[in-house]
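Working notes for the structure below.
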Amino acid sequence: MTLRYLNFVLGEHAAMSSAPPPGLPHVDAMTPAVLVLPGPVTRDEVPRLCEDVRARLESSRADVLVCDVAGLGPPGLTTVDALARMQLAARRAGGRIRLRDPDPALRALLGLVGIPFEVEGQPEQREPPLRVEEAVEPGDPAL
């Protein structure tokens, strides 16, 4: 065997090893993974959905999973519970969920129970601007 052939074979073998390629992994930040919830969610489906959330975040190496909830229908507490558990699974996997096309009733219900979700197409919430402090002049009456 020639040295050139050995280098070729060894180089190809080394490329097939489990070592990651040099540099940063390629992640397309403009197209996050999407999970579509096509209909009403039952309690029995929640563990599978949570596992799916975790797996998609880990496989895509993204920090956001878009959850398309347009087909959920009328929201209920089972839906809120499922979304809360999915958000918890996403947080544990190092990410978060962003809702796509939520029904206004679902958004209201999530707000009512105090579970914040980022909604696709909305600007991120930021801190409100600082208020101007008013100085009190000596002799001003107390309010």
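Below, each value reflects all heavy atoms present in this structure, side chains not excepted, and no hydrogens, waters or symmetry copies. What you are looking at is a predicted structure, and each value in this text was computed from that prediction instead of being measured.
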To the nearest 0.5 Å, what is the distance between [atom1] on [X] and [atom2] on [Y]?
{"X": "Glu45", "Y": "Leu37", "atom1": "CD", "atom2": "CG", "result": "8.5 Å"}
{"X": "Leu49", "Y": "Arg54", "atom1": "CG", "atom2": "CZ", "result": "13.5 Å"}
{"X": "Leu65", "Y": "Glu58", "atom1": "CG", "atom2": "CD", "result": "12.0 Å"}
{"X": "Met86", "Y": "Ile97", "atom1": "CE", "atom2": "CD1", "result": "4.5 Å"}
{"X": "Arg96", "Y": "Asp63", "atom1": "CZ", "atom2": "CG", "result": "5.0 Å"}
{"X": "Leu110", "Y": "Leu106", "atom1": "CG", "atom2": "CG", "result": "4.5 Å"}

Does [X] share a hydrophobic cluster with [Y], counting links as ILVMFWY side-chain heavy atoms below 4.5 Å and allowing steps through other members?
{"X": "Phe117", "Y": "Val113", "value": "yes"}
{"X": "Leu35", "Y": "Leu57", "value": "yes"}
{"X": "Leu88", "Y": "Leu83", "value": "no"}

Taking all non-hydrogen atoms of both residues into account, name the closest pair between [X] and [Y] and its distance.
{"X": "Pro47", "Y": "Asp44", "value": "CD-O, 3.6 Å"}
{"X": "Ala89", "Y": "Cys50", "value": "CB-O, 3.8 Å"}
{"X": "Pro102", "Y": "Val69", "value": "CA-CG2, 3.5 Å"}

Completion exercise
Tested for side-chain contact (heavy atoms from CB on, under 4.5 Å) against Val80, the lone hit among Val41, Leu112, Ile115 is Ile115
Practice task
Count the heavy atoms of every other residue, nucleotide or ligand shown that sit under 6.0 Å from CZ of Arg85, and state whether that count exceeds 12.
Solution key: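 Not more than 12 within 6.0 Å, no.
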Exercise for the section: Using the salt bridge (Lys or Arg N to Asp or Glu O under 4.0 Å) rule, take Arg107 and Asp103 through it: C-alpha gap first, then chi angles, then the decisive distance, then the call. Expected result: CA-CA 6 Å; Arg107 292 181 64 190; Asp103 186 82; over 6 Å; no
Practice task
Return yes if some donor-acceptor pair links the side-chain N/O of Arg56 with the main-chain N/O of Val34 below 3.5 Å, else return no.
Solution key: yes
Validation row: [X], [Y] side chains within 4.5 angstrom (heavy atoms):
{"X": "Arg43", "Y": "Thr78", "result": "yes"}
{"X": "Pro40", "Y": "Leu72", "result": "no"}
{"X": "Glu120", "Y": "Leu99", "result": "no"}

